[in-house]
Amino acid sequence: IEQPTFPKITEMCVKMIRRVNDEEGIKKLVNETFQKLWFTPTPHHDKEAMTRKILNITDVVAACRDTGYDWFEQLLQNLLKSEEDASYKPVKKACTQLVDNLVEHILKYEESLSDSDNKGVNSGRLVACITTLFLFSKIRPQLMVKHAMTMQPYLTTKCSTQNDFMVICNVAKILELVVPLMEHPSETFLATIEEDLMKLIIKYGMTVVQHCVSCLGAVVNKVTQNYKFVWACFNRYYGALSKLKSQHQEDPNSTILTANKPALLRSLFTVGALCRHFDFDQEDFKGNSKVNIKDKVLELLMYFTKHSDEEVQTKAIIGLGFAFIQHPSLMFEQEVKTLYNSILSDKNCSVNLKIQVLKNLQTYLQEEDTRMQQADRDWKKVAKQEDLKEMGDISSGMSSSIMQLYLKQVLEAFFHTQSSVRHFALNVIALTLNQGLIHPVQCVPYLIAMGTDPEPSMRNKADQQLVEIDKKYAGFIHMKAVAGMKMSYQVQQAINTCPKDPVRGFRHDESSSALCSHLYSMIRGNRQHRRAFLISLLNLFDDTAKTEVNMLLYIADNLACFPYQTQEEPLFIMHHIDITLSVSGSNLLQSFKESMVKDKKKERKPSSDEETESDSNSGSESESEEEASKPRRLRKRVDSDSDSDEENDINAVMKCLPENSAPLIEFANVSQGILLLLMLKQHLKNLCGFSDSKIQKYSPSESAKVYDKAINRKTGVHFHPKQTLDFLRSDMANSKITEEVKRSIVKQYLD
């Protein structure tokens, strides 16, 4: 059999490995497959097998560059955890081999980079190898301790391509994890790292600065305690910011400020990044000074959030986000609350600023989560008898209070037209829920709404959160289901690119599935909850509910396309449609009849001759009105041609219309709900192939088993309520009353 090529193997591995968090059976299969493929020790003499393994792993890592590496971390954690208590640890041995050989390959690629023909290929390989080493360091940093000195020179890589920057960032991330674990590293080695990092911080852009400051934080705080070195750097940028602030206060339009804009942006970002990793209010930094550094930094950064240039505002907000990680209590400051909440709630505010505020909250929550997990691990090692829960509660109490401040505005960001804003808002809510910082019931309707997002990744994330909530709190989803449906309509309104087109409640693809099908599938298993939910939706069609027509169309679409499984489900809906129609429908027709007039001539007392004539005509006139108000199929047929019949009917009713047109428009509006229910019933009847007698015989009080048969869905049956769509597209509710509009309303009445 022909051996599959490397790209094919890589593609297969990528597809398999993404299932690492799937259901237990698949998860077990993935773990076993990759344990055999990658994490089984290789005989020392078989260099070829080792090289194949290295190339395969790095190819898969390179292929997942844009989608993230969570799968690798999860896989490695699963495998290492499975052998924690075993005496023989093959996965650990295989990891040691892989790390040692990856370092060898890095040295080989570096040598071959001088060969201009393969420079691009080998540069890509070098990045993949170093990225893979970082992933190993993240899970087992001890594996890289002996290679730390080999990695350090890569901090001096000359940056000319994207790959060069990636090398520097990944090496900085590796050293951040590994250097604190080294026993008695040489002072020269540590001083060289500090100097290399400082040069990179001063010279390069945001991503490099962020990773290098983070690495410097680990080296200085945990190993060298070289605080003066960092304090000098901080003062350099803090001083520049203070000077630029003074210049701006003197003359906001100064040309000097324009020329110094790059320096301003760098200073805002770097001051924030340094404040994230160093607490400059410690005596080690500021000595005996009584100045409160965090408050001074807050004041400076807040000043530039009011700048006229959006780029400056964004960098100031990024800086604030960094500072809040070191000092979360600053988020309780009134000016910060006002800034964050106004950016999130102001519809006219820049999308970039909204996204940055949401990113700040996301980063804070991620950092808190990491901190909590680390504290948990540390305490488990040191003192099993301590109350760990109490330890965590101190920190999570702060996070919970912070999220309560901004929760409403973050949730409201779900209704933004830009998917990037919705994406970050959902990330913040998911982190908040996963950490148990708020009561989930308030998020349920919003998550139901996000489950209708056009982007599959966001839909799935929102649906997953609902599943988790349902596991822990049975009944919450059902309790908020109708509110969630209404909110999902708001989300669809927000993302509707063509306001003239009515919002629809199903996906415009081959499946034509209901947008809220996941919600229905969660509720349908409980008969009582399902029925209550369906009745609540049908009640919205009642004329007393005053629901807007487009929302009724949206709900009808969902009801038409829900994933019904048994006959009982659509029969129950049709049964209740009949009840609603018998009451609301009759009332509606009656109110229209009452608004019609018998004679438009001014009423006057007839003479005795006229009275006699009137008596002879009154029968025929009232008869004509009665004819017009009968359902069409019951009327006397005068002509065999149905079109002329319809025309005669319309003309007969047109003669009886009142001069005041308000009742007509009211009727047209209210009757849309009735028409939609009629169309919905017909659609379900066609879709499921039910006969009239089956629908008539159905009784909701009968045993569930009677109607427990599966539905045989007909293909190609689509829900298309033409009259309601025409009503919405023509904006009839706000139209001027012309003869044409009157005729349209009369036709609606006759239908």
Donor on one side chain, acceptor on other, [X] and [Y], under 3.5 Å:
{"X": "Thr724", "Y": "Gln672", "answer": "yes"}
{"X": "Lys408", "Y": "Asn341", "answer": "no"}
{"X": "Gln435", "Y": "Ser399", "answer": "no"}
{"X": "Glu548", "Y": "Tyr489", "answer": "yes"}
{"X": "Asn360", "Y": "Gln356", "answer": "yes"}
{"X": "Glu468", "Y": "Gln464", "answer": "yes"}
{"X": "Thr566", "Y": "Glu569", "answer": "yes"}

Please list all pairs passing the salt bridge (Lys or Arg N to Asp or Glu O under 4.0 Å) test where one or both residues lie in residues 433-443, with sequence neighbours left out.
-> none
Which label fits [X] and [Y]: parallel for a plane angle under 30°, tilted from 30 to 60°, or perpendicular past 60°?
{"X": "Tyr520", "Y": "Tyr564", "value": "perpendicular"}
{"X": "Phe562", "Y": "Phe533", "value": "tilted"}
{"X": "Phe592", "Y": "Phe667", "value": "tilted"}

Looking only at heavy atoms, what is the nearest atom pair of Ser699 and Tyr707, with distance?
-> N-OH, 4.0 Å
Ion pair present between Arg504 and Asp557, side-chain N to carboxylate O less than 4.0 angstrom?
-> yes
Derivation and outcome, salt bridge (charged side-chain N to carboxylate O under 4.0 Å, His left out), residues Lys28 and Glu32 = CA-CA 6 Å; Lys28 187 168 179 276; Glu32 285 171 1; 3.1 Å; yes
Check: Phe414 ring centroid to His416 ring centroid under 6.0 Å | no
Phe476 and His439: aromatic ring centres closer than 6.0 Å?
-> yes
Partners of Asn587 by side-chain contact (heavy atoms from CB on, under 4.5 Å), sequence neighbours excluded?
-> Val583
Side chain to side chain donor-acceptor pair (under 3.5 Å) evaluation trace for Gln567 with Lys694 = CA-CA 10 Å; Gln567 292 182 358; Lys694 185 164 187 109; 3.0 Å; yes
